[in-house]
Amino acid sequence: MTSAAGTPASVGDGPIVVVGGGVVGLCVAYYLAAAGLEVEVVERRDLGSGASRGNAGWVCLSHSTPVPAPGIVRYALRSLGRPDSPLYLRPLPDPAFVRWLWRFWRSSTPATFRRGYAAIAELNRDTFGLFDGLHDAGVETTLSRPGMVHAFLSDGEARHHLAIQRQMADGRYPLPDDVTTGDQAHLLDDALSPDVQAAYLVPGEGVVDPEAFARALGEALVASGVKIHENVEVTGFRSDGDRVTALRTAQDEIPCAGVVVAAGMRSPGLLGSLGQSLPLQAGKGYSFSVDLDPAPRHTLYFGERRAVASPIGGTTRIGGTMELSGNNNRLDWRRIVAVALASRQYVGRWFEDPDDLVSQIRDPWVGGRPFLPDGLPVIDRVPGRSNAFAATGHGMLGVTLGPVTGRKLAEYVLTGRRPEALQPFRFDRG
(Lines give C-alpha, C1' and ligand atoms only; values in the text may rest on other atoms or scores of the structure.)
Protein backbone atom coordinates (compact mmCIF):
# COMPACT_ATOMS: atom_id res chain seq x y z
CA MET A 1 0.00 0.00 0.00
CA THR A 2 1.42 3.40 -0.95
CA SER A 3 0.67 6.90 0.18
CA ALA A 4 -0.46 9.66 -2.18
CA ALA A 5 3.14 10.78 -2.55
CA GLY A 6 4.10 7.34 -3.87
CA THR A 7 5.95 6.15 -0.79
CA PRO A 8 4.66 3.30 1.37
CA ALA A 9 2.53 4.11 4.37
CA SER A 10 5.12 2.36 6.57
CA VAL A 11 7.72 5.06 5.83
CA GLY A 12 7.09 8.50 7.28
CA ASP A 13 8.77 11.86 6.99
CA GLY A 14 12.52 12.03 7.52
CA PRO A 15 15.44 9.99 6.27
CA ILE A 16 15.72 6.29 5.61
CA VAL A 17 18.96 5.44 7.43
CA VAL A 18 21.12 2.65 6.02
CA VAL A 19 23.40 1.06 8.62
CA GLY A 20 26.51 -0.24 6.85
CA GLY A 21 28.88 1.38 4.38
CA GLY A 22 29.97 -1.66 2.38
CA VAL A 23 28.98 -2.31 -1.23
CA VAL A 24 25.58 -3.76 -0.29
CA GLY A 25 24.62 -0.90 2.05
CA LEU A 26 25.84 1.75 -0.36
CA CYS A 27 23.90 0.21 -3.24
CA VAL A 28 20.74 0.16 -1.11
CA ALA A 29 21.30 3.83 -0.25
CA TYR A 30 21.97 4.68 -3.91
CA TYR A 31 18.70 3.24 -5.23
CA LEU A 32 16.66 4.68 -2.35
CA ALA A 33 18.10 8.13 -3.07
CA ALA A 34 17.63 7.68 -6.82
CA ALA A 35 13.93 7.09 -6.10
CA GLY A 36 13.72 10.47 -4.44
CA LEU A 37 13.78 9.43 -0.78
CA GLU A 38 15.81 11.27 1.85
CA VAL A 39 18.65 8.93 2.82
CA GLU A 40 21.50 8.83 5.33
CA VAL A 41 24.26 6.23 5.73
CA VAL A 42 25.96 5.30 9.00
CA GLU A 43 29.26 3.37 8.96
CA ARG A 44 31.26 2.59 12.08
CA ARG A 45 34.57 2.93 10.21
CA ASP A 46 35.35 4.24 6.70
CA LEU A 47 33.17 3.42 3.71
CA GLY A 48 34.13 0.11 2.12
CA SER A 49 36.49 -0.82 4.96
CA GLY A 50 34.90 -4.14 5.91
CA ALA A 51 34.45 -7.27 3.82
CA SER A 52 34.13 -5.06 0.72
CA ARG A 53 37.76 -3.93 0.90
CA GLY A 54 39.93 -6.98 0.29
CA ASN A 55 37.78 -9.37 -1.69
CA ALA A 56 38.47 -10.60 -5.21
CA GLY A 57 36.08 -8.09 -6.80
CA TRP A 58 34.32 -10.68 -8.94
CA VAL A 59 31.07 -9.78 -10.68
CA CYS A 60 30.14 -13.18 -11.99
CA LEU A 61 27.33 -15.52 -12.87
CA SER A 62 29.34 -18.74 -13.03
CA HIS A 63 30.28 -18.76 -9.33
CA SER A 64 27.11 -17.31 -7.83
CA THR A 65 26.19 -20.40 -5.85
CA PRO A 66 25.37 -21.17 -2.20
CA VAL A 67 28.38 -22.40 -0.23
CA PRO A 68 26.63 -25.40 1.41
CA ALA A 69 26.84 -27.64 -1.64
CA PRO A 70 26.59 -31.45 -1.67
CA GLY A 71 29.74 -32.98 -0.20
CA ILE A 72 30.87 -29.74 1.48
CA VAL A 73 30.52 -31.13 5.01
CA ARG A 74 32.73 -34.16 4.29
CA TYR A 75 35.24 -31.79 2.75
CA ALA A 76 35.12 -29.57 5.84
CA LEU A 77 35.57 -32.47 8.24
CA ARG A 78 38.70 -33.53 6.35
CA SER A 79 40.10 -30.05 7.04
CA LEU A 80 40.11 -30.52 10.82
CA GLY A 81 43.66 -29.88 12.04
CA ARG A 82 44.76 -28.73 8.55
CA PRO A 83 44.98 -24.93 8.41
CA ASP A 84 46.34 -25.19 4.84
CA SER A 85 43.05 -26.64 3.57
CA PRO A 86 40.99 -24.46 1.18
CA LEU A 87 38.03 -24.96 3.53
CA TYR A 88 39.16 -24.90 7.15
CA LEU A 89 36.86 -25.78 10.03
CA ARG A 90 38.04 -25.00 13.55
CA PRO A 91 35.36 -26.20 15.99
CA LEU A 92 34.39 -23.85 18.80
CA PRO A 93 32.82 -24.73 22.18
CA ASP A 94 29.88 -22.52 21.34
CA PRO A 95 26.31 -23.93 21.14
CA ALA A 96 25.32 -21.28 18.57
CA PHE A 97 28.24 -22.33 16.33
CA VAL A 98 27.27 -26.00 16.64
CA ARG A 99 23.64 -25.21 15.78
CA TRP A 100 24.82 -23.20 12.77
CA LEU A 101 26.95 -26.12 11.53
CA TRP A 102 24.02 -28.47 11.94
CA ARG A 103 21.79 -26.23 9.83
CA PHE A 104 24.65 -25.78 7.34
CA TRP A 105 24.83 -29.56 6.95
CA ARG A 106 21.05 -29.78 6.53
CA SER A 107 21.30 -27.18 3.74
CA SER A 108 23.89 -29.13 1.73
CA THR A 109 21.49 -31.62 0.12
CA PRO A 110 21.28 -31.60 -3.68
CA ALA A 111 17.66 -30.40 -3.69
CA THR A 112 18.32 -27.51 -1.29
CA PHE A 113 21.44 -26.51 -3.20
CA ARG A 114 19.55 -26.47 -6.52
CA ARG A 115 16.78 -24.30 -5.05
CA GLY A 116 19.34 -21.88 -3.63
CA TYR A 117 21.26 -21.72 -6.89
CA ALA A 118 18.08 -21.03 -8.87
CA ALA A 119 17.11 -18.26 -6.45
CA ILE A 120 20.48 -16.53 -6.77
CA ALA A 121 20.51 -16.99 -10.54
CA GLU A 122 17.10 -15.35 -10.83
CA LEU A 123 18.16 -12.47 -8.59
CA ASN A 124 21.34 -12.17 -10.65
CA ARG A 125 19.51 -11.91 -13.96
CA ASP A 126 19.96 -8.12 -14.35
CA THR A 127 23.34 -7.76 -12.59
CA PHE A 128 25.40 -6.54 -15.53
CA GLY A 129 22.61 -4.29 -16.75
CA LEU A 130 22.51 -2.62 -13.34
CA PHE A 131 26.28 -2.10 -13.39
CA ASP A 132 25.89 -0.51 -16.81
CA GLY A 133 23.17 1.74 -15.42
CA LEU A 134 25.38 2.85 -12.55
CA HIS A 135 28.17 3.64 -15.01
CA ASP A 136 25.81 5.59 -17.27
CA ALA A 137 24.69 7.60 -14.22
CA GLY A 138 28.28 8.64 -13.54
CA VAL A 139 29.35 6.06 -10.94
CA GLU A 140 32.90 4.88 -11.64
CA THR A 141 32.20 1.20 -11.04
CA THR A 142 35.67 0.18 -12.36
CA LEU A 143 33.94 -2.84 -13.94
CA SER A 144 35.74 -4.64 -16.74
CA ARG A 145 34.60 -7.91 -18.29
CA PRO A 146 37.69 -9.89 -19.31
CA GLY A 147 36.08 -13.26 -18.67
CA MET A 148 37.11 -15.94 -16.18
CA VAL A 149 39.62 -18.71 -16.88
CA HIS A 150 39.10 -21.89 -14.86
CA ALA A 151 42.48 -23.61 -14.57
CA PHE A 152 43.12 -27.20 -13.48
CA LEU A 153 46.07 -29.48 -12.86
CA SER A 154 44.31 -32.44 -14.47
CA ASP A 155 42.24 -32.92 -17.60
CA GLY A 156 39.71 -35.09 -15.77
CA GLU A 157 39.06 -32.56 -13.03
CA ALA A 158 38.52 -29.82 -15.60
CA ARG A 159 35.98 -31.87 -17.56
CA HIS A 160 34.16 -32.88 -14.39
CA HIS A 161 33.91 -29.26 -13.25
CA LEU A 162 32.73 -28.04 -16.66
CA ALA A 163 30.06 -30.75 -16.83
CA ILE A 164 28.66 -29.76 -13.43
CA GLN A 165 28.80 -26.09 -14.33
CA ARG A 166 26.98 -26.67 -17.60
CA GLN A 167 24.23 -28.54 -15.77
CA MET A 168 23.82 -25.74 -13.21
CA ALA A 169 24.06 -22.92 -15.74
CA ASP A 170 21.10 -24.28 -17.72
CA GLY A 171 21.76 -21.77 -20.49
CA ARG A 172 21.91 -18.70 -18.23
CA TYR A 173 25.46 -17.83 -19.32
CA PRO A 174 27.75 -19.03 -22.12
CA LEU A 175 30.14 -21.93 -21.59
CA PRO A 176 32.64 -23.55 -23.99
CA ASP A 177 31.85 -26.89 -25.60
CA ASP A 178 34.97 -28.49 -24.16
CA VAL A 179 38.08 -27.81 -22.11
CA THR A 180 41.38 -26.73 -23.65
CA THR A 181 44.23 -29.09 -22.78
CA GLY A 182 48.01 -29.38 -22.88
CA ASP A 183 50.10 -26.50 -24.18
CA GLN A 184 46.99 -24.90 -25.67
CA ALA A 185 45.60 -24.31 -22.19
CA HIS A 186 48.29 -21.73 -21.45
CA LEU A 187 47.17 -19.70 -24.45
CA LEU A 188 43.99 -18.77 -22.60
CA ASP A 189 46.07 -16.58 -20.28
CA ASP A 190 49.81 -15.91 -20.39
CA ALA A 191 50.03 -16.03 -16.58
CA LEU A 192 49.18 -19.74 -16.40
CA SER A 193 52.08 -22.04 -15.52
CA PRO A 194 53.10 -25.24 -17.38
CA ASP A 195 51.61 -27.22 -14.48
CA VAL A 196 48.13 -26.29 -15.70
CA GLN A 197 46.96 -29.23 -17.80
CA ALA A 198 43.48 -28.03 -18.75
CA ALA A 199 41.46 -24.83 -18.67
CA TYR A 200 38.35 -23.19 -20.06
CA LEU A 201 37.14 -19.63 -20.43
CA VAL A 202 33.73 -18.32 -19.33
CA PRO A 203 33.42 -15.13 -21.41
CA GLY A 204 31.99 -11.90 -20.10
CA GLU A 205 32.58 -12.45 -16.40
CA GLY A 206 33.61 -9.24 -14.67
CA VAL A 207 35.82 -7.75 -12.00
CA VAL A 208 35.86 -4.46 -10.11
CA ASP A 209 38.19 -2.80 -7.65
CA PRO A 210 35.82 -3.22 -4.68
CA GLU A 211 37.35 -0.48 -2.55
CA ALA A 212 37.28 2.00 -5.45
CA PHE A 213 33.71 0.97 -6.30
CA ALA A 214 32.59 1.63 -2.72
CA ARG A 215 34.37 4.98 -2.77
CA ALA A 216 32.65 5.92 -6.06
CA LEU A 217 29.25 4.98 -4.66
CA GLY A 218 29.95 7.17 -1.64
CA GLU A 219 30.90 10.10 -3.85
CA ALA A 220 27.73 9.67 -5.91
CA LEU A 221 25.64 9.59 -2.74
CA VAL A 222 27.20 12.76 -1.37
CA ALA A 223 26.69 14.49 -4.73
CA SER A 224 23.00 13.57 -4.60
CA GLY A 225 22.59 15.05 -1.12
CA VAL A 226 22.87 11.90 1.00
CA LYS A 227 24.39 12.52 4.42
CA ILE A 228 27.09 10.01 5.34
CA HIS A 229 28.21 9.42 8.94
CA GLU A 230 31.60 7.70 9.02
CA ASN A 231 33.28 6.43 12.20
CA VAL A 232 29.90 6.38 13.94
CA GLU A 233 28.74 3.15 15.56
CA VAL A 234 25.05 2.36 15.94
CA THR A 235 24.39 0.89 19.39
CA GLY A 236 20.63 0.41 19.22
CA PHE A 237 17.31 1.89 18.24
CA ARG A 238 14.45 3.87 19.71
CA SER A 239 11.00 2.61 18.76
CA ASP A 240 7.39 3.65 19.02
CA GLY A 241 5.24 0.55 18.73
CA ASP A 242 6.30 -1.33 15.62
CA ARG A 243 8.12 1.67 14.16
CA VAL A 244 11.79 2.55 14.54
CA THR A 245 11.99 6.29 15.17
CA ALA A 246 15.71 6.82 15.80
CA LEU A 247 19.11 5.14 15.79
CA ARG A 248 21.18 5.37 18.95
CA THR A 249 24.91 5.98 18.58
CA ALA A 250 27.73 6.58 21.03
CA GLN A 251 27.42 10.30 20.31
CA ASP A 252 23.70 11.00 19.94
CA GLU A 253 20.50 9.84 18.23
CA ILE A 254 19.72 9.99 14.52
CA PRO A 255 15.97 10.37 13.86
CA CYS A 256 14.67 8.25 11.02
CA ALA A 257 11.58 7.43 9.02
CA GLY A 258 12.88 3.93 8.42
CA VAL A 259 16.05 1.89 8.71
CA VAL A 260 17.91 -0.69 6.61
CA VAL A 261 20.40 -2.94 8.43
CA ALA A 262 23.18 -3.85 5.99
CA ALA A 263 26.03 -4.11 8.46
CA GLY A 264 27.60 -7.46 7.59
CA MET A 265 28.73 -9.38 10.66
CA ARG A 266 27.39 -6.65 12.94
CA SER A 267 23.86 -7.20 11.68
CA PRO A 268 22.85 -9.92 14.20
CA GLY A 269 23.46 -7.64 17.18
CA LEU A 270 21.52 -4.79 15.60
CA LEU A 271 18.65 -7.01 14.51
CA GLY A 272 18.62 -8.62 17.94
CA SER A 273 17.84 -5.24 19.46
CA LEU A 274 14.82 -5.18 17.12
CA GLY A 275 13.68 -8.56 18.41
CA GLN A 276 14.88 -10.65 15.47
CA SER A 277 17.48 -13.42 15.77
CA LEU A 278 19.75 -14.00 12.77
CA PRO A 279 22.27 -16.89 12.80
CA LEU A 280 25.20 -15.35 10.93
CA GLN A 281 28.70 -16.80 11.04
CA ALA A 282 31.86 -15.34 9.54
CA GLY A 283 33.25 -17.24 6.59
CA LYS A 284 36.73 -15.76 6.81
CA GLY A 285 38.54 -15.13 3.54
CA TYR A 286 42.15 -14.09 2.95
CA SER A 287 43.80 -12.10 0.20
CA PHE A 288 46.95 -10.19 -0.71
CA SER A 289 48.35 -8.29 -3.70
CA VAL A 290 51.44 -9.18 -5.69
CA ASP A 291 53.07 -8.07 -8.96
CA LEU A 292 53.20 -11.07 -11.28
CA ASP A 293 55.11 -11.19 -14.55
CA PRO A 294 53.24 -11.87 -16.70
CA ALA A 295 50.15 -10.64 -14.90
CA PRO A 296 46.82 -12.36 -15.62
CA ARG A 297 44.54 -10.72 -18.17
CA HIS A 298 41.44 -12.53 -16.88
CA THR A 299 40.10 -13.43 -13.50
CA LEU A 300 41.48 -16.87 -12.69
CA TYR A 301 39.92 -19.72 -10.72
CA PHE A 302 42.38 -22.34 -9.46
CA GLY A 303 40.14 -25.38 -9.61
CA GLU A 304 41.63 -27.98 -7.27
CA ARG A 305 42.67 -25.42 -4.65
CA ARG A 306 39.57 -23.19 -4.80
CA ALA A 307 41.75 -20.07 -4.84
CA VAL A 308 41.43 -17.09 -7.18
CA ALA A 309 43.39 -14.29 -8.83
CA SER A 310 42.04 -10.98 -10.08
CA PRO A 311 43.64 -8.11 -12.04
CA ILE A 312 42.80 -5.13 -9.82
CA GLY A 313 44.29 -1.66 -9.89
CA GLY A 314 47.38 -2.54 -11.91
CA THR A 315 48.33 -5.47 -9.69
CA THR A 316 47.11 -9.01 -9.02
CA ARG A 317 44.99 -9.82 -6.00
CA ILE A 318 45.21 -13.46 -4.95
CA GLY A 319 42.68 -14.79 -2.50
CA GLY A 320 40.87 -17.82 -1.28
CA THR A 321 39.98 -20.10 1.57
CA MET A 322 36.87 -20.36 3.65
CA GLU A 323 37.65 -20.44 7.35
CA LEU A 324 34.91 -21.22 9.85
CA SER A 325 36.51 -20.31 13.16
CA GLY A 326 34.03 -17.97 14.80
CA ASN A 327 33.13 -14.33 14.41
CA ASN A 328 36.54 -12.70 14.52
CA ASN A 329 39.01 -11.00 12.18
CA ARG A 330 42.20 -12.61 13.44
CA LEU A 331 44.68 -13.05 10.59
CA ASP A 332 46.23 -16.52 10.61
CA TRP A 333 49.47 -16.16 8.63
CA ARG A 334 49.40 -19.88 7.86
CA ARG A 335 46.34 -19.23 5.70
CA ILE A 336 48.15 -16.54 3.71
CA VAL A 337 51.03 -18.98 3.15
CA ALA A 338 48.59 -21.70 2.08
CA VAL A 339 46.95 -19.46 -0.52
CA ALA A 340 50.35 -18.34 -1.84
CA LEU A 341 51.64 -21.91 -2.09
CA ALA A 342 48.46 -23.01 -3.88
CA SER A 343 48.82 -20.20 -6.42
CA ARG A 344 52.32 -21.31 -7.43
CA GLN A 345 50.89 -24.43 -9.04
CA TYR A 346 48.80 -22.28 -11.40
CA VAL A 347 50.80 -19.09 -12.03
CA GLY A 348 54.36 -20.28 -11.49
CA ARG A 349 56.96 -20.01 -8.73
CA TRP A 350 56.64 -16.30 -8.10
CA PHE A 351 58.37 -16.88 -4.74
CA GLU A 352 60.76 -19.59 -3.60
CA ASP A 353 60.34 -19.79 0.15
CA PRO A 354 57.47 -18.86 2.50
CA ASP A 355 59.91 -16.66 4.40
CA ASP A 356 60.10 -14.48 1.26
CA LEU A 357 56.39 -13.70 1.31
CA VAL A 358 56.60 -10.80 3.74
CA SER A 359 58.78 -8.86 1.29
CA GLN A 360 56.87 -9.88 -1.85
CA ILE A 361 53.20 -9.34 -1.01
CA ARG A 362 51.22 -6.22 -0.13
CA ASP A 363 48.05 -5.65 1.85
CA PRO A 364 47.57 -9.04 3.51
CA TRP A 365 43.89 -9.04 4.44
CA VAL A 366 41.35 -11.13 6.29
CA GLY A 367 37.63 -10.43 6.23
CA GLY A 368 34.62 -12.01 7.88
CA ARG A 369 32.10 -12.58 5.10
CA PRO A 370 28.63 -13.00 6.64
CA PHE A 371 26.97 -16.38 6.02
CA LEU A 372 23.62 -17.82 6.99
CA PRO A 373 23.48 -21.63 7.26
CA ASP A 374 21.78 -22.05 3.87
CA GLY A 375 24.26 -19.73 2.13
CA LEU A 376 21.57 -17.25 1.00
CA PRO A 377 21.28 -13.63 2.10
CA VAL A 378 18.33 -12.10 3.94
CA ILE A 379 16.74 -9.25 1.95
CA ASP A 380 13.47 -8.51 3.69
CA ARG A 381 11.41 -6.42 6.04
CA VAL A 382 12.25 -7.17 9.68
CA PRO A 383 9.39 -9.23 11.16
CA GLY A 384 7.25 -7.24 13.55
CA ARG A 385 8.58 -3.91 12.30
CA SER A 386 6.74 -1.79 9.78
CA ASN A 387 9.67 0.40 8.71
CA ALA A 388 12.81 -1.70 9.31
CA PHE A 389 14.51 -3.81 6.63
CA ALA A 390 17.62 -6.00 6.40
CA ALA A 391 20.08 -6.76 3.60
CA THR A 392 22.84 -8.98 4.91
CA GLY A 393 24.37 -12.45 4.72
CA HIS A 394 25.67 -12.14 1.15
CA GLY A 395 28.80 -14.16 1.90
CA MET A 396 31.18 -14.04 -1.07
CA LEU A 397 28.56 -12.44 -3.35
CA GLY A 398 28.32 -8.93 -1.90
CA VAL A 399 29.89 -7.23 -4.93
CA THR A 400 27.99 -9.32 -7.49
CA LEU A 401 24.63 -8.97 -5.75
CA GLY A 402 25.09 -5.45 -4.34
CA PRO A 403 23.31 -3.49 -7.11
CA VAL A 404 20.41 -5.92 -7.52
CA THR A 405 19.95 -6.10 -3.75
CA GLY A 406 19.81 -2.32 -3.61
CA ARG A 407 17.39 -2.09 -6.54
CA LYS A 408 14.99 -4.75 -5.29
CA LEU A 409 15.01 -3.61 -1.67
CA ALA A 410 14.38 -0.02 -2.73
CA GLU A 411 11.39 -1.30 -4.69
CA TYR A 412 10.15 -3.08 -1.55
CA VAL A 413 10.54 0.08 0.57
CA LEU A 414 8.84 2.24 -2.05
CA THR A 415 5.83 0.03 -2.73
CA GLY A 416 5.43 -1.88 0.51
CA ARG A 417 5.23 -5.08 -1.57
CA ARG A 418 7.96 -7.71 -1.61
CA PRO A 419 9.29 -8.26 -5.17
CA GLU A 420 8.90 -11.82 -6.39
CA ALA A 421 12.68 -12.21 -6.79
CA LEU A 422 13.11 -11.60 -3.03
CA GLN A 423 10.76 -14.39 -1.93
CA PRO A 424 13.61 -16.92 -1.38
CA PHE A 425 15.47 -14.40 0.80
CA ARG A 426 12.80 -13.90 3.48
CA PHE A 427 13.52 -14.09 7.19
CA ASP A 428 10.96 -16.89 7.59
CA ARG A 429 12.16 -19.18 4.80
CA GLY A 430 12.76 -21.98 7.32
Side-chain angles (χ1 to χ4, degrees), residues 1-2 7-11 16-20 22-32 35 37 39 64 66 100 103 107 112 115-127 130 234 237 239 241-244 247 256-281 369-395 397-398 400-430:
M1 177 179 178
T2 60
T7 57
S10 60
V11 175
I16 306 294
V17 180
V18 178
V19 185
V23 166
V24 171
L26 293 171
C27 284
V28 171
Y30 178 88
Y31 286 104
L32 288 171
L37 296 181
V39 180
S64 295
W100 189 93
R103 293 178 62 181
S107 299
T112 302
R115 285 196 301 272
Y117 179 88
I120 293 174
E122 181 60 30
L123 187 64
N124 233 350
R125 183 181 296 273
D126 298 325
T127 287
L130 290 173
V234 175
F237 304 93
S239 299
D242 69 348
R243 296 182 57 78
V244 177
L247 290 77
C256 69
V259 63
V260 178
V261 177
M265 284 309 305
R266 294 188 59 252
S267 298
L270 295 170
L271 293 169
S273 68
L274 294 174
Q276 182 63 41
S277 175
L278 192 68
L280 279 184
Q281 286 289 329
R369 301 164 298 194
F371 280 94
L372 284 147
D374 63 1
L376 304 181
V378 161
I379 312 168
D380 198 7
R381 190 197 302 267
V382 178
R385 301 286 175 167
S386 62
N387 66 336
F389 298 80
T392 191
H394 289 71
L397 300 177
T400 293
L401 296 180
V404 70
T405 295
R407 179 70 174 270
K408 293 296 183 182
L409 191 60
E411 180 183 337
Y412 195 173
V413 173
L414 284 162
T415 66
R417 295 186 298 272
R418 181 190 291 118
E420 184 64 29
L422 295 186
Q423 288 289 341
F425 309 104
R426 306 184 314 273
F427 270 100
D428 63 352
R429 59 184 182 251

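Source: prediction; values computed, not measured. Positions are given from 1 along the sequence.
With values rounded to the nearest 0.5 angstrom, Arg426 atom CZ is found 14.0 Å from Arg381 atom CZ. Distance OG1/Thr127 to CG/Asn124: 3.5 Å, rounded to 0.5 Å. A distance of 11.5 Å separates CG in Asp242 from CG in Leu274, rounded to the nearest 0.5 Å. If you take SG on Cys27 and CG on Leu130, they are separated by 9.0 Å, rounding to the nearest 0.5 Å. Taking CG of Leu401 as the reference point, atom CD1 of Ile379 lies at 7.0 Å (rounded to 0.5 Å). For the atom pair CD (Glu411) and CZ (Arg417), the distance works out to 8.0 Å, reported to the nearest 0.5 Å.
Every residue two or more places apart in sequence or in another chain was checked for a salt bridge (Lys or Arg N to Asp or Glu O under 4.0 Å) with Arg115, and none qualifies. Applying the salt bridge (Lys or Arg N to Asp or Glu O under 4.0 Å) rule to Arg407 yields no partners; only residues at least two apart in sequence or on another chain are considered.
Among all heavy-atom pairs drawn from Gly398 and Val23, the shortest one is O-CG1, 3.8 Å. The shortest non-hydrogen separation linking Pro403 to Tyr31 is O-CE1, 3.3 Å. Gln276 approaches Pro383 most closely through the heavy-atom pair OE1-CG, 3.3 Å. The nearest pair of heavy atoms linking Pro279 to Arg103 is CG-NH1, 3.4 Å. In terms of heavy-atom proximity, Ala262 sits nearest to Val18 at CB-CG1, 4.5 Å. Listed here is the closest heavy atom pair of Ala35 and Leu414: CB-CD1, 3.3 Å.
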Item to check | Intermediate values then yes/no, side chain to side chain contact (heavy atoms under 4.5 Å, CB included), Phe427 and Leu278 | outcome: CA-CA 8 Å; Phe427 270 100; Leu278 192 68; 3.9 Å; yes
Item to check | Criterion side chain to side chain contact (heavy atoms under 4.5 Å, CB included) on Arg429 and Asp374, from CA distance to verdict | outcome: CA-CA 10 Å; Arg429 59 184 182 251; Asp374 63 1; 2.7 Å; yes
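Counting heavy atoms from C-beta outward, Ile16 and Val259 have side chains that stay 4.5 Å or more apart. Residues Val261 and Thr392 have side chains not in contact (no heavy-atom distance under 4.5 Å, counting atoms from C-beta outward). Side-chain contact check for Pro377 versus Leu372: every heavy-atom pair is 4.5 Å or farther apart. Side-chain atoms of Val378 and Phe425, non-hydrogen and from C-beta on, never get closer than 4.5 Å to each other. Side-chain contact check for Leu422 versus Thr405: every heavy-atom pair is 4.5 Å or farther apart. Side chains of Leu123 and Lys408 form a contact here, defined as non-hydrogen atoms less than 4.5 Å apart. Side chains of Ser267 and Pro370 form no contact here, defined as non-hydrogen atoms less than 4.5 Å apart. With a 4.5 Å cut-off on side-chain heavy atoms, Phe389 and Val28 do not count as touching.
Of the residues Val382, Val17, Asn387, the one that meets the side-chain contact (heavy atoms from CB on, under 4.5 Å) test with Val244 is Asn387.
Under a 3.5 Å cut-off, the side chain of Trp100 and the backbone N or O of Leu280 do not form any donor-acceptor pair. Side chain of Arg266 to backbone of Val19: no donor-acceptor contact under 3.5 angstrom is found.
Between Arg418 and Asp380 there is a salt bridge, since a side-chain N of the basic residue sits under 4.0 Å from a carboxylate O of the acidic one.
Judged by distance alone, the side chains of Arg385 and Ser239 do bring a donor and an acceptor atom under 3.5 Å apart.
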